[in-house]
Every structure is written in C-alpha cells, then in structure tokens.
Number of protein chains: 2
Amino acid sequence: MTDQETSPAKKSDATRALILDTALRLFAERGYERTTMRAVATEANVSVGNAYYYFDSKEHLVQGFYYRISELHVQACDKVLAGERDFGARLRAVLLRWLEIAQPYHEFGAQFFRNAADPASPLSPLSAESGPAREIAIGVFREVVDGASVKMDPQLRPDLPELLWLYQLGVVLYWVHDRSPDCARTRALVERTVPLIDRAVALSRLRVLRPLIRDAVGVVNDLLRPDQSPA
Amino acid sequence: MTDQETSPAKKSDATRALILDTALRLFAERGYERTTMRAVATEANVSVGNAYYYFDSKEHLVQGFYYRISELHVQACDKVLAGERDFGARLRAVLLRWLEIAQPYHEFGAQFFRNAADPASPLSPLSAESGPAREIAIGVFREVVDGASVKMDPQLRPDLPELLWLYQLGVVLYWVHDRSPDCARTRALVERTVPLIDRAVALSRLRVLRPLIRDAVGVVNDLLRPDQSPA
DNA sequence: GTACTGCCTTGAACACGTTCAAAAAGGAGC
DNA sequence: GCTCCTTTTTGAACGTGTTCAAGGCAGTAC
C-alpha cells in the first residue's frame with residue numbers, strides 16, 4: 001500500500017529497471033494476461049520473490065507503462081506543436097500522436113484501463129498516486145491551449161486543459177475497445193470530434209451560454225478535482 | 001465463450017438460481033474479492049465444479065447483479081415518474097432512485113465496473129451480451145424524455161435517451177469511486193448536473209447551436225452505437 | 001579477524017480461479 | 001428389469017498471483 005518510488009529511489013535501481021523493462025517487453029509481446037510473474041522473473045534473471053520486492057504487485061508494473069507513454073508523448077508533442085497556431089489542429093495533432101505512440105501496447109492497453117477503472121487501484125488516473133503523471137498529461141493540453149490563437153469565454157480558459165484531458169480519457173477508452181484494423185475507428189473519432197470541440201470552444205463566447213459554462217466549470221472544480229474527489 | 005442463458009435456460013434452473021442468490025448475498029456481505037468460489041459453492045451446498053457448470057466464470061455471476069439492479073430500477077421508476085412532467089425533475093428522480101437501489105452493493109460495484117471497463121469482458125455495458133439489459137436501461141430514459149413536457153431541438157430528441165444513458169454511466173463511474181459518507185458527493189453531482197442538462201437541452205433550440213448538435217449526434221450514431229462500435 | 005546491522009535475494013508454500021476425467025443420476029425405449 | 005444416452009455432479013489437480021521465513025551479502029565497528 002506504500003512504496004511509491006517516484007523520486008527517492010532508495011532500492012537498488014538497476015535491478016528494478018531491469019525487471020520493469022523485461023515486464024513491459026513481455027507485456028507488449030504476449031499481452032498482459034499471458035505474461036506470468038514467473039516469466040518476468042525468469043527473463044530478468046531474478047527470483048519471483050525478488051520481483052515482488054521491487055513491485056508490490058503485477059498491477060504496479062503497469063504504472064511503468066503509464067509513465068513511459070506520458071514521457072514519450074510529451075516529447076513528441078513539443079515537436080508537433082512547434083509550428084501550429086490553430087487550436088483544432090493542435091488538439092488533433094496531440095491526440096493522434098498519442099495514438100501512434102501507444103499503438104504497440106494496444107492489446108495491453110485493455111488491461112491498463114481495466115485497472116484504471118478500479119478506484120481501489122493505485123493505477124486509476126484519478127488516484128493520488130497517479131498525480132504526477134496526470135499533471136504532465138494535463139500540462140500537454142495547457143500547452144495546446146496557451147499556444148493557440150483562439151477566442152473563447154475567459155471563464156473557460158483556465159479549466160479547459162483539464163477538460164480536454166478528460167476528453168482524451170474518453171478517446172483512450174474508445175481506443176481500448178477498438179478492434180478495427182489499425183484502430184482506424186478511433187482516428188475517425190478524433191477527426192470528427194476535434195472540430196466539434198473547436199466549434200464549441202468558439203461558441204463559448206455567446207452570452208446565452210456563459211452562465212451554463214460557468215456552472216459546468218464550477219461542478220468540475222467542486223466535484224471532479226482529482227485531489228478531493230470523490231474518494 | 002458461449003452459453004449466455006438469457007431466455008432458453010436449458011440447464012436445471014433451481015440449482016442455477018440457488019447458486020446465483022448465494023453468490024450475490026456473499027458479494028453484498030463480504031465484497032467481491034473476499035468471496036471465493038469455494039465459499040459460494042459450500043454455502044449453496046454444491047461442489048465447486050458444479051458452480052462452474054452453471055456459470056462460465058466468477059465474472060459471469062456478476063451479470064446477475066446487473067440484471068437484478070436493472071429490473072428493480074425499472075420497477076421503481078414507474079412509480080417515481082407517474083406524477084411528474086418536468087424533465088429535470090424526472091431525470092433527477094430516476095438517477096437518485098438508481099443510487100438508492102444500488103447502495104447495498106456499493107463496494108461490490110467497484111468490481112462490477114472494473115469488469116465493465118474491460119472490453120474483452122462480456123460484462124461491458126457496451127458488449128453485445130449486455131444488449132438486453134442495456135436496452136432496458138435506455139428504455140427508462142426514453143420514458144423520461146417522452147413523458148416530459150420539454151421543448152428541444154427535434155433533431156436531438158430521438159437520440160437523447162441514449163445520451164442520457166451515457167451520462168448515467170458517468171454518474172455510476174463517479175459513484176463507484178465515491179467514498180464519502182452515504183455517497184453524498186454522488187448525490188451532489190446529480191443535483192448539480194441535472195439542472196445543467198436541463199438548461200442545455202432547452203438551449204438546444206438555439207439556431208447557432210443546431211449544426212453543432214446535429215454533428216455531435218451524428219458522431220454518436222456513427223461511432224458510439226454499441227452494436228457496431230468500436231469492436 | 002568477528003559481530004552486528006540493514007539491504008537484498010531466494011524458492012517453497014499458500015490461496016483462489018479454473019479445468020477435467022470420471023462418476024452419479026435421470027430418462028427413453030424395450 | 002436392463003441398456004444406452006444425456007444431463008448433472010464431483011473433487012482432485014493445475015496455473016498463477018502473492019507471501020514469508022530463511023538465508024546471503026554488503027558495509028561498519030571494534
């Protein structure tokens with residue numbers, strides 16, 4: 001229940017990293033279910049118990065995946081966002097980039113989200129333990145918004161990155177279910193919903209809509225803030 | 001992978017029902033994880049193997065829960081919806097009623113949604129196997145819409161029930177995470193989001209919003225229809 | 001050197017979901 | 001009654017995640 005080694009990293013790190021790398025490789029190769037802890041241990045040349053010394057459970061190995069994807073995504077987004085100023089185009093690029101990066105882990109992604117949906121799991125994107133990774137992910141969307149030339153309800157702007165992150169969560173959920181070749185359907189979802197969001201954001205300036213938006217943002221702030229919700 | 005006894009019900013039904021009842025009782029008493037198949041079998045006075053003769057897996061026992069809740073909810077909604085014509089009030093009543101009915105299974109609900117989020121699982125609310133139960137659930141929202149005196153974009157009306165069902169899925173997801181006493185936070189979420197939806201539906205008649213709504217409904221129809229999406 | 005202390009490593013053992021070959025219990029036809 | 005076939009029932013055995021008592025293996029103090 002404890003031991004979230006994010007920065008202190010006391011325990012010998014070489015072995016830890018070796019085990020994690022081995023696990024992620026096997027997950028990608030065979031999928032999550034078909035990768036046994038015994039196999040991970042054997043391939044990493046350690047004992048089963050030793051793997052459990054570094055990772056509290058098989059699920060905890062998955063968190064490495066979450067971090068890795070986030071890192072790669074942030075890197076990739078820096079390049080992708082460089083020349084583009086249009087909000088919709090920026091959002092689209094960021095989402096499609098994520099899909100590309102995560103593609104090798106597609107089958108495995110199902111298991112990831114199975115855990116993520118379990119509130120008891122430390123892997124839930126809303127859990128305190130996922131806080132740092134979540135902040136990074138939301139940061140990408142802050143970048144998308146801040147670097148874009150787009151007019152919108154000023155009340156919306158500070159919270160839009162978080163809302164976009166929630167939207168991405170939805171896209172990922174769809175992606176996880178997606179069995180179409182090369183996940184074409186998920187890409188279609190992005191292509192069709194990004195313009196909708198783009199237009200909705202622009203429309204947020206309409207006077208009639210403002211009170212609605214203000215209240216909606218209020219609900220998100222009061223009840224959906226990860227740090228205080230709902231646990 | 002087969003054997004979804006929904007209507008044919010060849011196998012002796014008494015034993016099957018006994019096992020299911022026992023399981024649901026134990027789930028409610030001890031939670032899902034702490035209820036072993038051995039315990040279910042013992043309490044139901046059958047052998048472990050026999051339980052597996054009637055239910056392909058422990059997860060399949062959970063589907064019984066899904067059906068039971070749906071049934072109770074539909075029944076309860078008939079009464080609740082009788083006198084009320086206001087859309088917001090109807091929606092609110094239906095959602096709050098669900099929370100009351102599901103309350104005894106709150107801890108267990110976590111496990112339910114863990115399964116539900118797994119696309120490979122037959123328990124996913126979007127899966128073909130959950131089709132009948134889903135239709136019933138959406139039917140409740142159709143009833144909410146049809147019996148309400150509310151003006152809205154006519155393009156929206158046919159799809160609104162399904163959208164509301166998706167919204168309820170979100171509420172349930174929140175509820176599953178909710179650790180506040182008596183799930184007060186989830187009830188607060190309902191109290192605050194229902195008026196928002198009520199206003200949003202009313203605003204759907206605005207000319208400027210119509211194209212946006214039309215396209216959004218189109219996306220839902222093309223890409224979120226359970227029967228063809230995304231699998 | 002020896003002893004102590006704290007980190008690391010081990011693999012056997014445990015718990016629980018699941019499978020399976022075999023046996024029991026019905027039932028149909030005679 | 002007996003035979004043959006299907007449905008149901010059994011419990012031992014298997015696979016896998018996880019735990020744990022025991023044992024190395026530093027490094028430090030003396």
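Predicted model, so just to flag it, every value in this text is computed and none were measured. Order of the sequence lines sets the chain letters (A, B, ...), proteins ahead of strands, with each chain counted from 1.
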At a cut-off of 3.5 Å, list every protein nitrogen or oxygen paired with a nitrogen or oxygen from nucleotides 22-24 of chain C, distance to 0.1 Å.
none

Scan nucleotides 11-20 of chain C nucleotide by nucleotide, 5' to 3', and note B when protein non-hydrogen atoms come under 4.0 Å of the base, S if they reach only the sugar-phosphate, - if neither.
B-B--BBBB-
Listed by chain and number, what are the side-chain contact (heavy atoms from CB on, under 4.5 Å) partners of A:Thr42, not counting sequence neighbours?
none
Who pairs with A:Val80 by side-chain contact (heavy atoms from CB on, under 4.5 Å), at least two apart in sequence or on another chain?
A:Ala93, A:Arg97
Quick one: side-chain hydrogen bond (donor to acceptor under 3.5 Å, both in side chains) partners of A:Arg92, sequence neighbours excluded?
A:Glu191
B:Arg38: salt bridge (Lys or Arg N to Asp or Glu O under 4.0 Å) partners, not counting sequence neighbours:
none
Could you give me the CA-CA distance, side-chain angles and deciding distance for A:Asp13 and A:Tyr54, then say whether side chain to side chain contact (heavy atoms under 4.5 Å, CB included) is met?
CA-CA 9 Å; A:Asp13 248 0; A:Tyr54 289 101; over 6 Å; no
Taking only residues at least two apart or on different chains, which pairs with a member in residues 18-31 of chain B satisfy side-chain hydrogen bond (donor to acceptor under 3.5 Å, both in side chains)?
B:Asp21-B:Arg68, B:Arg25-B:Glu29, B:Arg25-B:Glu43
Could you state the interatomic distance from CD (B:Glu100) to CZ (B:Arg187), rounded to the nearest 0.5 Å?
8.5 Å
Partners of A:Tyr52 by side-chain hydrogen bond (donor to acceptor under 3.5 Å, both in side chains), sequence neighbours excluded?
none
Any residue in residues 18-27 of chain A with a heavy atom nearer than 4.0 angstrom to DNA chain D? Just list them by number, or reply none.
none
How bent is the helix from C:dG1-D:dC30 to C:dC30-D:dG1, comparing axes over its five end pairs at each side, to the nearest 10°?
20°
Ignoring hydrogens and angles, state whether a donor on the side chain of A:His60 or A:Ser57 is under 3.5 Å from an acceptor on the partner side chain.
yes
Just the rounded figure in Å: distance from P of D:dG11 to OH of B:Tyr53.
17 Å
Just jot down the ring pair (Phe, Tyr, Trp, His ring centres under 6.0 Å) partners of B:Tyr105, sequence neighbours excluded, or say none.
B:Phe65
Show your working on side chain to side chain contact (heavy atoms under 4.5 Å, CB included) between A:Phe141 and A:Leu91 and close with a plain yes or no.
CA-CA 8 Å; A:Phe141 291 104; A:Leu91 181 57; 3.8 Å; yes
Residues which pass ring pair (Phe, Tyr, Trp, His ring centres under 6.0 Å) with B:Phe27, listed by chain and number, not counting sequence neighbours
B:Tyr32, B:Phe108
Could you go through the side chain to side chain contact (heavy atoms under 4.5 Å, CB included) check for B:Thr193 and B:Tyr167 one step at a time?
CA-CA 10 Å; B:Thr193 51; B:Tyr167 157 64; 2.6 Å; yes
Between atom CZ in A:Arg30 and atom P in D:dT16, what is the gap in whole Å?
10 Å
